[in-house]
Amino acid sequence: MTTNKVATYNDPKVPARPAGRQGLIKPLRTLLDTSGLIAIFLLLFVALAVFIPDFLTGRNMVGLLLSITLIGSLATTMMLVLALGEVDLSVASIVAFAGVVAAVVTSTSGSVLVGVLGGVVAGGAVGVFNGLVIARFGINSLIATLAAMEFVRGLAYITSGGDAVMITVPGFFDLGSAAFLGLTLPVWTMLACFLIFGVVLNMTAFGRNVLATGGNSEAAALAGVNVRRLKIIVFGLQGVVAGVVGVLLASRMGLGDPNTSMGLELAVISACVLGGVALSGGVATITGVVVGVLIMGCVQNAMGLLNVPTFYQYLVRGAILLLAVMFDRWKQTRRQRA
């Protein structure tokens with residue numbers, strides 16, 4: 001008999017799940033999954049610290065944090081998208097488009113604030129559009145965002161005139177380089193995303209509705225959840241965060257480049273799945289996502305320190321994605337048997 005997943009979140013319209021031994025199974029399983037992932041990360045970190053020179057230096061640790069800001073920030077909202085049982089392949093194109101828009105608007109208006117708002121709004125608009133197409137027309141999110149990936153990248157090229165856009169306002173560069181307590185704004189932005197969306201997922205009705213919808217959308221709708229609106233909001237949040245990331249990346253590079261962030265969406269999805277987010281929806285933890293991002297970052301950082309050729313790095317990233325998907329499939333099979 002299939003358990004109604006909405007009942008797990010104590011919806012007042014659905015009878016609460018009986019307390020007792022069965023009610024403890026899911027929390028214990030989640031704890032074991034997360035603890036196992038943390039143990040893997042700790043073993044990996046110790047091994048890299050022991051066998052790779054300069055890995056544990058303060059400078060490299062700061063560089064490691066900076067290198068994962070793109071994946072880390074985007075993974076927090078991709079977590080919500082995947083928890084819904086959906087996927088977003090357009091995030092990398094949104095990052096490039098937002099960066100180009102921010103560069104063009106900043107250079108044209110001379111205002112950093114206007115340029116930043118332009119980039120973030122552009123990203124949010126694409127995210128809301130994705131959500132509308134998926135929620136209102138019932139189009140599969142894989143197909144919808146694959147199409148968006150192409151046309152948004154095209155918009156980035158059209159907006160930039162086919163080439164990188166140099167930023168002429170010096171104040172814009174401070175966004176990517178300004179530091180507080182030794183950490184730059186992109187790092188603080190990533191940490192803020194971890195905190196904010198961790199709270200959203202675990203401590204709000206919105207987060208519970210996301211998980212319930214991903215677990216069983218029909219049951220969630222019957223329990224009073226506006227599934228269409230929920231999807232639009234989640235994809236809109238994904239677009240806003242991608243817009244922020246695009247603006248910060250443009251600031252760090254000093255230009256808006258329509259060619260940037262190629263393949264970033266696969267790295268973000270890999271980090272989420274590696275962190276225990278189920279591709280089928282309904283299962284996600286912010287702790288797992290953070291650890292997944294750190295594992296991806298440590299592997300990438302180690303390959304850089306070892307001067308591993310780029311084409312071998314592609315092999316490693318592909319293997320990580322494959323292993324993450326296989327691990328997710330194994331966990332699904334185990335849940336079905338439980």
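One is the number of the first residue; the rest follow in order along the sequence.
Of all the heavy atoms in Leu248 and Pro186, the pair that sits closest is CD1-CA, 4.0 Å. Pairing each heavy atom of Lys231 with each of Ala135, the nearest pair is CB-CB, 4.2 Å. What you find for Gln300 and Gln313 is that their closest heavy atoms are NE2-OE1, 2.6 Å. Nearest heavy-atom pair, Val100 versus Pro258, reported as atom, atom and distance to 0.1 Å: CG2-N, 3.7 Å. Closest approach of Leu64 and Gly297 over heavy atoms only: CD1-O, 3.3 Å. Of all heavy-atom pairs between Thr184 and Gly176, the closest is CB-O, 4.0 Å.
Here OG of Ser90 is found 7.5 Å from CZ of Phe151. Values are rounded to the nearest 0.5 Å. From Leu255, atom CG reaches atom OG1 of Thr260 across 8.5 Å, with rounding to the nearest 0.5 Å. Taking CD1 from Ile134 and CZ from Phe137, the interatomic distance works out to 12.0 Å, rounded to the nearest 0.5 Å. Residue Ile38 holds its CD1 atom at 9.5 Å from CD1 of Ile295, rounded to the nearest 0.5 Å. Once rounded to the nearest 0.5 Å, the distance linking CE of Met79 with OG1 of Thr285 reads 8.0 Å. In this structure, CG in Leu155 is found 12.0 Å from CD in Glu150, a value given to the nearest 0.5 Å.
Between Leu89 and Leu142, some side-chain heavy-atom pair lies under the 4.5 Å cut-off. Between Leu279 and Leu82, some side-chain heavy-atom pair lies under the 4.5 Å cut-off. Residues Val241 and Leu237 are not in side-chain contact: their nearest non-hydrogen atoms beyond the backbone lie 4.5 Å or more apart. In this structure, Leu191 and Phe194 have side chains that are in contact, with non-hydrogen atoms separated by less than 4.5 Å. Between Phe55 and Met61 there is a side-chain heavy-atom pair separated by less than 4.5 Å. A heavy-atom distance below 4.5 Å is found between the side chains of Val112 and Val116. Leu201 has its side chain within reach of Leu211: a pair of non-hydrogen atoms, C-beta onward, lies under 4.5 Å apart. In this structure, the side chains of Ser73 and Val244 stay at 4.5 Å or more apart for every pair of heavy atoms.
The 12-atom threshold is not exceeded at CG of Asp163, counting heavy atoms of other residues, nucleotides or ligands nearer than 6.0 Å. Under a cut-off of 6.0 angstrom, the local environment of CZ in Phe206 is crowded, with over 12 non-hydrogen atoms contributed by other residues, nucleotides or ligands. For Phe197, the CZ atom is densely surrounded, since the number of other residues' heavy atoms within 6.0 Å is greater than 12. For Glu218, the CD atom is loosely surrounded, since the number of other residues' heavy atoms within 6.0 Å does not exceed 12.
Linking ILVMFWY residues whenever their side-chain heavy atoms come closer than 4.5 Å, directly or via other members, places Leu274 and Val316 in the same cluster. Under a hydrophobic-cluster definition in which Ile, Leu, Val, Met, Phe, Trp and Tyr are linked whenever side-chain heavy atoms come within less than 4.5 Å, directly or via other members, Ile167 and Phe97 are assigned to different clusters. Placement of Val187 and Val289 within a single hydrophobic cluster is found when ILVMFWY residues are connected by side-chain heavy-atom separations under 4.5 Å, directly or transitively. Under a hydrophobic-cluster definition in which Ile, Leu, Val, Met, Phe, Trp and Tyr are linked whenever side-chain heavy atoms come within less than 4.5 Å, directly or via other members, Ile139 and Leu132 are assigned to different clusters. A chain of hydrophobic side-chain contacts below 4.5 Å, direct or via other Ile, Leu, Val, Met, Phe, Trp or Tyr residues, connects Met296 to Leu294.
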Report, one line per pair, each donor and acceptor closer than 3.5 Å where one atom sits in a side chain of residues 301-311; sequence neighbours left out.
from	atom 1	to	atom 2	distance (Å)
Asn301	OD1	Asn60	ND2	3.0
Asn301	ND2	Asn60	OD1	3.1

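With hydrogens and angles disregarded, no donor-acceptor distance shorter than 3.5 Å links the side chain of Thr106 to the backbone of Ala103. No donor-acceptor pair under 3.5 Å is formed between the side chain of Thr159 and the backbone N or O of Ala156. Formation of a donor-acceptor pair under 3.5 Å by the Thr77 side chain with backbone atoms of Leu74 is found in this model. Put simply, the side chain of Thr189 gets close to the backbone of Leu185: a donor and an acceptor are under 3.5 Å apart. Looking only at distances, a side-chain donor or acceptor of Ser111 sits under 3.5 Å from a matching main-chain atom of Val114. Judged by distance alone, the side chain of Ser160 and the main-chain N or O of Tyr157 form a donor-acceptor pair under 3.5 Å. Looking only at distances, a side-chain donor or acceptor of Ser251 sits under 3.5 Å from a matching main-chain atom of Phe172. Side-chain N or O atoms of Thr204 include one that pairs as donor or acceptor with a backbone N or O of Gly207 at under 3.5 Å. With hydrogens and angles ignored, the 3.5 Å screen pairs a side-chain donor or acceptor of Ser141 with a backbone N or O of Val87.
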- Under the side chain to side chain contact (heavy atoms under 4.5 Å, CB included) criterion, do Val121 and Val101 qualify, and how do the steps go? CA-CA 10 Å; Val121 169; Val101 170; over 6 Å; no
- Task: I would like to know whether Ile232 and Arg136 meet side chain to side chain contact (heavy atoms under 4.5 Å, CB included); could you show each step before the answer?
- Result: CA-CA 9 Å; Ile232 294 171; Arg136 296 294 181 184; 4.1 Å; yes
- Message: Checking Glu265 against Asp88 for the side chain to side chain contact (heavy atoms under 4.5 Å, CB included) test, could you report, in this order, the C-alpha distance in whole Å, the side-chain angles of both residues, the deciding distance, and whether it holds?
- Response: CA-CA 8 Å; Glu265 66 281 342; Asp88 189 353; over 6 Å; no
- Quick one: do Ile286 and Leu195 satisfy side chain to side chain contact (heavy atoms under 4.5 Å, CB included)? Show the steps, please. CA-CA 9 Å; Ile286 190 63; Leu195 177 61; over 6 Å; no
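Ring planes of Phe180 and Trp188: tilted class, angle from 30 to 60°.
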